[in-house]
Amino acid sequence: MTRAAASVFLNQKTLPRHGTVKAFERDSRTALAELMPRVEKLAAGLPDDDACAKAGLTALAEARQRLGAQEAPGLKGEFVRVTQFAVSVVSLCDHVDLLCDERIKPEPCEAHTRLGPHGGTALCGPRPPPLTAASRPGATGPDCLPNPGWRQGI
């Protein structure tokens, strides 16, 4: 599951087939299972009063709530429910990026003050460059290195 795939799912103009919705649900659950511990671990490495850490943990709680939602009746209901998974994938990918940035800079985070177009928190200002070991020398460990699958097509 990529951030780009989640964005494509969110921007569909027509109702997809049932098999497409089920496949996306499976892929998004896998992506969220990988993203959620990363956000939790990155947030734990920051002070308790850090705004980025609090926003990341809030997005994490929303993702857990969405994952716990019961299957909805009908294709339209399932599409709406699974669309919320896509919102969480995009949101948690953004939080991983921001939390990695926050670990290496002393300035306060101001990125989580408004809602994005799909209900998640939005970045204020320009999108940060892709994470690499060279561009984030202060961020160490596998949690701050990008998973290429999440960044494809961006």
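Model, not experiment: these values are computed from the prediction. One is the number of the first residue; the rest follow in order along the sequence.
Atoms CG and CG, on Leu57 and Leu46 in that order, are 9.5 Å from each other to the nearest 0.5 Å. Within the model, atoms CD of Glu71 and CD of Glu78 stand 4.0 Å from one another, a figure rounded to the nearest 0.5 Å. Put simply, NZ on Lys54 and CG on Asp48 are 8.5 Å apart, with the number rounded to the nearest 0.5 Å. Expressed to the nearest 0.5 Å, how far CD of Glu25 lies from CG of Leu32 amounts to 10.5 Å. Separating the CG atom in Leu60 from the CZ atom in Arg38 is a distance of 13.0 Å, to the nearest 0.5 Å. Between atom CG of residue Leu99 and atom NZ of residue Lys41 there is a gap of 13.0 Å, rounded to the nearest 0.5 Å.
Contact detail for Phe24 and Ala5: the closest heavy-atom pair is CE1-O, 4.1 Å. Counting all heavy atoms, side chain and backbone alike, Leu75 lies closest to His18 at CD1-CA, 3.7 Å. Minimum heavy-atom separation, Met36 to Leu92: CG-CD1, 3.7 Å. Heavy-atom minimum distance, Ser88 versus Ala63: OG-CA, 3.5 Å. Nearest approach of Pro47 to Ala53, heavy atoms of both residues: O-CB, 4.4 Å. Among all heavy-atom pairs drawn from Val89 and Ala31, the shortest one is CG2-CB, 4.3 Å.
Using modelled atom types, no side-chain atom of Ser91 and backbone atom of Val87 make a donor-acceptor pair closer than 3.5 Å.
Residues Val82 and Leu15 fall within the same hydrophobic cluster, defined by Ile, Leu, Val, Met, Phe, Trp and Tyr side chains chained together at heavy-atom separations under 4.5 Å.
Other residues, nucleotides and ligands contribute at most 12 non-hydrogen atoms within 6.0 Å of the NZ atom of Lys76.
Counting heavy atoms from C-beta on, the side chains of Thr83 and Gln12 never come closer than 4.5 Å.
Sorted by first then second residue, the ring pair (Phe, Tyr, Trp, His ring centres under 6.0 Å) pairs that include residues 40-59, not counting sequence neighbours, number zero. Listed by first and then second residue, the ring pair (Phe, Tyr, Trp, His ring centres under 6.0 Å) pairs involving residues 64-86 are Phe9-Phe79 (not counting sequence neighbours).
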Practice problem: Apply side chain to side chain contact (heavy atoms under 4.5 Å, CB included) to the pair His95 and Leu35, showing each step before the final yes or no. | Solution: CA-CA 9 Å; His95 285 288; Leu35 284 165; over 6 Å; no
